[in-house]
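Below you'll find the structure, written out as structure tokens, and then a few comments.
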Amino acid sequence: MELYIHIPFCMKKCEYCDFVSGAYDPGIRSDYSRALIREMEMYAPVFSDIKFSTVYIGGGTPSWLEPELMDRILSSMHRCFSIEPEAEFTMECNPGTVTSDFLQMIKGHGVDRLSIGLQSADDKELKTLGRIHDFDRFLHTYEMARNAGFYDINIDIMTGIPGQSKESLSRTLANVLRLKPEHISCYALMIEEGTPFYEKYRDDLIRQQNGQPTIYLPSDEYEYELYCLARQILSDSGYAQYEISNFAKEGYECLHNIGYWRRVPYLGLGLSAASFYDEHRYTNISDIYKYMELIISGRAPVESDLPISRQEAMAEFMYLGLRLTSGVARADFYNAFDMDIEAKYGKIIRELTEKGLLVSSEGRIFLTPRGRDISNQVLCEFL
Ligand code: SF4
């Protein structure tokens, strides 16, 4: 089982961000940390027999939380839950929010993997995104992390930034590769309703949807070319693609995220955190004041509790598992559902295989490179 803890605080909200995060004042940060610890204590007896195999502290910007609050949260986590000694333990951090003391403190609590949100090495693009850092600040953070003894680092980069060109993406990748991180995530910018970006680029989004030429945003074709370029450069540089958006040096794949795609149960704590266990998907409330109120009154801050039918579980097995380059194993499907994969999905698998989008080999089924290019379309077939 895996453990996720959400820290919803950021120094400033980025223009494109629709994550549950915000720039709250110190009083709220302290109250939230107390509530989060209380939530851990609520769940501790329920999971007392479980040894967690991975921990992921995400956000928001966990590295921006006051060190003494983070120290208390991590101490409480160890007090409440049993973490395997070899567990992968990741914390997200953002450039310009980290100090050497903070890094030493989290390392002392077992954090052994950092995920740093760079997004771009081009200062103009960073400004467009509304990020608080420039590339030099990122370099400083990265150097500090290495000096503090972190030898498993992910760097997040982004494609589809307004104004991004193939040249600027290549420069970003070259700058990142020079640092030799163990892992690189490369996600396309998604413009979500309710964000300043949505307002700013609304007309362009409509043009994009209608297949008309765009002014600021890349067209679908250009976006795809940027993704292919990133994939090519990364694989030429020794980073194997193990998931649609994730690349790693051998042995440095993110086990926590692989767990999500392999339907390993997880407990999520904190604002808006999602959990998956006993074939139920739970989601915590996303209003920070209600979250704290519920916990103070001794109630679990769960907003939704959805049982997963056998049908849905099989569909999840396929569309999550096929995101991984290694795909799904026929034997795993049989072990999970006591049913042959062909009996359930034989027709779809045959059709997608004939179209050159899926391939079967050595008991596994996976997307072909062409299938990966239109993965959303292919994976929808299993829903
Ligand atoms: S740092 Fe991340 S979580 Fe925070 S506002 Fe920016 S994108 Fe959102």
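When a ligand or atom number is given, it counts from 1 through the structure's own listing order. A quick note: this is a predicted structure, and the numbers were derived from the prediction, not measured.
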field: Axial cation check for Phe276 ring with Arg281, 6.0 Å and 45° limits
entry: yes
Distance flag, aromatic centroids of Tyr24 and Phe9, threshold under 6.0 Å: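 Between Tyr24 and Phe9, which both carry aromatic rings, the centre distance is below 6.0 Å.
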- prompt: When you check the gap from the basic side-chain N to the acidic O, do Glu182 and Arg146 get nearer than 4.0 Å?
  reply: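 Here Glu182 pairs with Arg146 in a salt bridge, since their nearest N and O are under 4.0 Å apart.
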field: Pair Arg330 + Glu342, salt bridge at N-O below 4.0 Å
entry: yes
- prompt: Is it the case that Ser185 and Asn246 place a side-chain donor and acceptor less than 3.5 Å from each other?
  reply: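 Yes - a donor-acceptor pair under 3.5 Å links their side chains.
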query: Which of parallel (below 30°), tilted (30 to 60°) and perpendicular (above 60°) describes Phe135 and Phe138?
result: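 The rings of Phe135 and Phe138 lie parallel, inter-plane angle below 30°.
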task: Fit a plane to each ring of Tyr4 and Tyr56, take the angle between them on a 0 to 90° scale, and name the class: parallel (under 30°), tilted (30 to 60°) or perpendicular (over 60°).
output: parallel
Those atoms of ligand 1 less than 4.0 Å from some heavy atom in [X]:
X     : value
Phe19 : 3 (S), 8 (Fe)
Asn94 : 1 (S)
Lys12 : 5 (S)
Cys10 : 1 (S), 3 (S), 4 (Fe), 5 (S)

- prompt: Which residue owns the protein heavy atom closest to atom 3 (S) of ligand 1, what's the atom, and how far is it?
  reply: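 Ranked first by proximity to atom 3 (S) of ligand 1 is Gly60 N, 3.4 Å.
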field: Shortest protein contact, atom 7 (S) of ligand 1 (heavy atom only)
entry: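 The protein heavy atom lying closest is Tyr16 OH, 3.5 Å.
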message: Between Cys17 and atom 8 (Fe) of ligand 1, is there a contact where an N/O/S atom of the residue lies under 2.8 Å from the metal?
response: yes
message: Residue-level breakdown please: for Arg131 versus ligand 1, do any non-hydrogen atoms fall below 4.0 Å on the side chain, on the backbone, on both, or on neither?
response: side chain
query: Does Cys14 approach ligand 1 within less than 4.0 angstrom via side chain, backbone, both or neither, non-hydrogen atoms only?
result: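 Both backbone and side chain.
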Gly117 touching ligand 1 at heavy-atom level, < 4.0 angstrom: no
